[in-house]
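The structure under discussion appears below in the form of structure tokens.
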Amino acid sequence: KNEVEQSPQNLTAQEGEFITINCSYSVGISALHWLQQHPGGGIVSLFMLSSGKKKHGRLIATINIQEKHSSLHITASHPRDSAVYICAVYSGGGADGLTFGKGTHLIIQP
Amino acid sequence: KAGVTQTPRYLIKTRGQQVTLSCSPISGHRSVSWYQQTPGQGLQFLFEYFSETQRNKGNFPGRFSGRQFSNSRSEMNVSTLELGDSALYLCASSLLTPDYGYTFGSGTRLTVV
């Protein structure tokens, strides 16, 4: 069973700061997802990665398959980025759905 | 294109009752997965359906069941509700498997009293 660790668990930063959230997993995967969850519950899929790096607007996600590690970066952070960010992995080959980290609670203060 | 639709959004039930939740996937998506989210346990995989067949199942008691219809819509059922079943239930759809991309619904918040 894959173990997914996220850090930090909580992060408060000032508007404009560069944010990094880390995710490590224990077993090889076929895909890693970064998810965003706002109060109220709905989850939005930000990125799906199997290698390398992806960028969307101010968000950048990277993955190092050899080190079993991924990072989510937010540049020029804004209060609307305040949310819970969740890393989830899929091991493939008929694995039991996604395995999730416990999430990072991010608060961006104006 | 329309997203993943879950109904109802909120539900209050009494211990011992049963409940049915519905999930309509993105058009063309054949895989529907269900997840339970609680403050204590976080997000946990319940089961996945693909082409009307349960393909995978998480570690939940038999009171949790589901099915998928020929149009890929899925329902999950929880019988003999317990207080601990209070949670946000999320479904997600994918074309084939989660490494083809994944779209989540807004969830159904179930409260058991």
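To find a chain, count down the sequence lines: A is the first, B the second, and so on, and within it residues start at 1.
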Could you state whether [X] and [Y] fall into the same hydrophobic cluster, counting links through intermediate Ile, Leu, Val, Met, Phe, Trp or Tyr residues with side-chain heavy atoms under 4.5 angstrom apart?
{"X": "B:V78", "Y": "B:Y49", "value": "yes"}
{"X": "B:Y10", "Y": "B:I12", "value": "no"}
{"X": "A:Y25", "Y": "B:L43", "value": "no"}
{"X": "A:I63", "Y": "A:I19", "value": "yes"}
{"X": "A:L59", "Y": "A:L35", "value": "no"}

- prompt: Which answer fits B:Q37, side chain, backbone, both or neither, if we ask what part of it has an atom under 4.5 Å from a heavy atom of chain A?
  reply: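 Side chain of B:Q37 only, per the 4.5 Å heavy-atom cut-off to chain A.
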query: Where on B:Y100 is there a heavy atom nearer than 4.5 Å to chain A: the side chain, the backbone, both, or neither?
result: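 Only the backbone of B:Y100 comes within 4.5 Å of chain A.
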Should we say atom [atom1] of [X] is surrounded by more than 12 heavy atoms from elsewhere, each under 6.0 Å from it?
{"X": "B:R63", "atom1": "CZ", "value": "yes"}
{"X": "A:Q9", "atom1": "CD", "value": "no"}
{"X": "B:Q17", "atom1": "CD", "value": "yes"}
{"X": "B:N59", "atom1": "CG", "value": "no"}

message: For residues 98-109 of chain A, give me every residue with a non-hydrogen atom less than 4.5 Å from any non-hydrogen atom of chain B.
response: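 Interface residues of residues 98-109 of chain A: A:L98, A:F100.
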message: Which residues in residues 45-57 of chain A have any heavy atom closer than 4.5 Å to a heavy atom of chain B?
response: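 The residues closer than 4.5 Å to chain B, in numerical order, are A:S45, A:M48.
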task: Please list, in residue-number order, every residue in residues 102-113 of chain B that has a heavy atom less than 4.5 Å from any heavy atom of chain A; write 'none' if there are none.
output: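 Only B:Y102, B:F104, B:G105, B:S106, B:R109 of residues 102-113 of chain B have a heavy atom under 4.5 Å from chain A.
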field: Per-residue contact mode, A:I29 against chain B (heavy atom under 4.5 angstrom)
entry: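 For A:I29, no heavy atom lies under 4.5 Å from chain B.
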query: Which one of B:F47, B:F50, B:Y35 has the most heavy-atom pairs closer than 4.5 Å to chain A?
result: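 The answer is B:Y35.
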field: Distance, nearest 0.5 Å, that separates CD1 of A:I43 from CG of B:L90
entry: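 Answer rounded to 0.5 Å: 5.0 Å.
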field: Set of residues satisfying ring-ring contact (aromatic ring centres under 6.0 Å, His included) with respect to A:H73, sequence neighbours excluded
entry: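 Partners of A:H73 under the ring-ring contact (aromatic ring centres under 6.0 Å, His included) test: A:F18.
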